[in-house]
Protein chains: 2
Amino acid sequence: MKEIHDVLNNALVLIFNLVLKSEEKFIRNLGVNLSIAEIHTIDAIAKVEKKTMSEVASNLSITLGTLTASINNLEKKGYVERNRSQVDRRVVLVNITQRGEDVVEQHRAFHKEMIKDIVANLNTREELALVKALDNLIDYFMSKK
Amino acid sequence: MKEIHDVLNNALVLIFNLVLKSEEKFIRNLGVNLSIAEIHTIDAIAKVEKKTMSEVASNLSITLGTLTASINNLEKKGYVERNRSQVDRRVVLVNITQRGEDVVEQHRAFHKEMIKDIVANLNTREELALVKALDNLIDYFMSKK
DNA sequence: TGAAGATACTTTGATTATCAAAATAATTAT
DNA sequence: ATAATTATTTTGATAATCAAAGTATCTTCA
């Protein structure tokens, strides 16, 4: 089944790029002074339990140095704030501000709408095939570690 | 169907990141002095018909200036070469060298293996359903422009 | 209990990717 | 032939990234 593999590969590559562009466009339309990386950083802070620099950096798979630079900017722009932990003064706790919360909310709404529209066009069989294929994909990557 | 939406969203986000990491790892293991962006640039040159700077840049959705900088490096590293068109001397034609061909070959093998593993557990009907589901996805993004 | 080592973070210095706008060179049109 | 257009490069700026060095704080153990 050489052809179906090629079709799938092309579709996946295309979708990958379309998702990226779609998200870029969403941010542009948000009219907010943030990059995709910054939105994902804010989002990671929102969803991580222990809001330390280390935890957030590890969640994002970036180094602490990179996160420090990014948080400097986000703090300056008013989307997050830093506080020294009182328990261990080496530790820095990051929290998102109300302005940050708003962005997280809108980013999640974007994802929700995207998924809603995707599923809307699928019948039950297609939905199941998609879920199964995605499971395979995840298994595949997980096994590759 | 709130649940399936969440399942799909989480799966998509997870896969997105796993694909990125997997590709990064692939490149690292290739032991080759190239970034993901550079591999995609080489790949774009290989697959584009008219191998001009403009065509390649447009194919990659980057500006000509960005491509110029990237091609400078790739040329220095010996993966591509530049030639002025004899027909229109404003035009620069880029071609990949044998070293570039090798990378393209390995990158394609990576994609092929990934797809093979994905469809390994799907029967023909599911495969077709998946293709249709992905087509819907593409339509969705295309309509959003 | 106080020095040595470990940990959490920031700073520094470098590279890559990116863009917009200005510059250059060549072609086409008036 | 002069003006306008086109293809590319250069320039100047910014963001994202890393590794390695530096700083401050905590923990351990002798």
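A, B, ... follow the sequence lines: proteins, then strands. Residue 1 opens every chain. Hydrogens, waters and symmetry mates play no part in the numbers below; they use all other heavy atoms, side chains included.
- Checked by distance alone, A/Arg89 brings no side-chain donor or acceptor within 3.5 Å of a matching partner on the base of D/dT25.
- When rounded to the nearest whole Å, the span between CG of A/Asp88 and P of D/dC26 equals 5 Å.
- Of the possible polar contacts, none joining the A/Thr66 side chain to the A/Ile62 backbone as a donor-acceptor pair under 3.5 Å is found.
- Phosphate contact (OP1/OP2 of D/dT17, side-chain N/O of A/Thr63, threshold under 4.0 Å): absent.
- Running 5' to 3' along DNA chain C, contacts with non-hydrogen atoms of chain B at under 4.0 Å begin and end at C/dA17 to C/dT27.
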Atom pairs and distances, side-chain donor-acceptor, residues 40-47 of chain A, under 3.5 Å, sequence neighbours left out:
residue	atom	partner	partner atom	Å
A/His40	NE2	A/Glu23	OE2	3.4
A/Thr41	OG1	A/Ala37	O	2.9

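- Within the structure, salt bridge (charged side-chain N to carboxylate O under 4.0 Å, His left out) contacts touching residues 84-95 of chain A (residues at least two apart or in different chains) are A/Asp88-A/Arg90.
- Rounding to whole angstrom units, CG of residue A/Leu34 and P of D/dA15 are separated by 11 Å.
- Residues passing the side chain to side chain donor-acceptor pair (under 3.5 Å) test with B/Lys132 are A/Glu126, sequence neighbours excluded.
- Non-hydrogen atoms lying under 4.0 Å from DNA chain D are contributed by B/Thr52, B/Met53, B/Ser54, all within residues 43-55 of chain B.
- Remark: the backbone N or O of A/Ser35 is paired with a side-chain donor or acceptor of A/Glu38 at under 3.5 angstrom.
- The side chain to side chain donor-acceptor pair (under 3.5 Å) check on B/Lys21 picks up A/Ser61, with sequence neighbours excluded.
- Within residues 70-81 of chain A, no residue approaches DNA chain C, by heavy-atom distance under 4.0 Å.
- Applying the side chain to side chain donor-acceptor pair (under 3.5 Å) criterion to A/Glu75, with sequence neighbours excluded, gives A/Arg82.
- Applying the side chain to side chain contact (heavy atoms under 4.5 Å, CB included) rule to A/Leu134 yields the partners A/Leu130, A/Leu137, B/Leu8, B/Ala11, B/Leu12, B/Ile15; only residues at least two apart in sequence or on another chain are considered.
- With sequence neighbours excluded, no residue satisfies side chain to side chain donor-acceptor pair (under 3.5 Å) with A/Thr52.
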Can you give me every donor-acceptor pair (side chain of residues 91-100 of chain A, partner residue at least two apart or in another chain, under 3.5 Å) with its distance?
residue	atom	partner	partner atom	Å
A/Thr97	OG1	A/Gly78	O	2.7
A/Thr97	OG1	A/Tyr79	O	3.2
A/Thr97	OG1	A/Arg99	N	3.4
A/Thr97	OG1	A/Gly100	N	3.3
A/Gln98	NE2	A/Asp102	OD1	3.0
A/Arg99	NH1	A/Lys77	O	2.8

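- Other cluster members for B/Val13: none, since no ILVMFWY side-chain heavy atom sits under 4.5 Å from it.
- In this structure, A/Ile42 places its CD1 atom 15 Å from C1' of D/dA16, rounding to the nearest Å.
- Base contact: B/Thr66 has a heavy atom under 4.0 Å from a base atom.
- Distances from the side chain of A/Arg90 to the nucleotides D/dT25, D/dC18, D/dA16 place D/dT25 closest.
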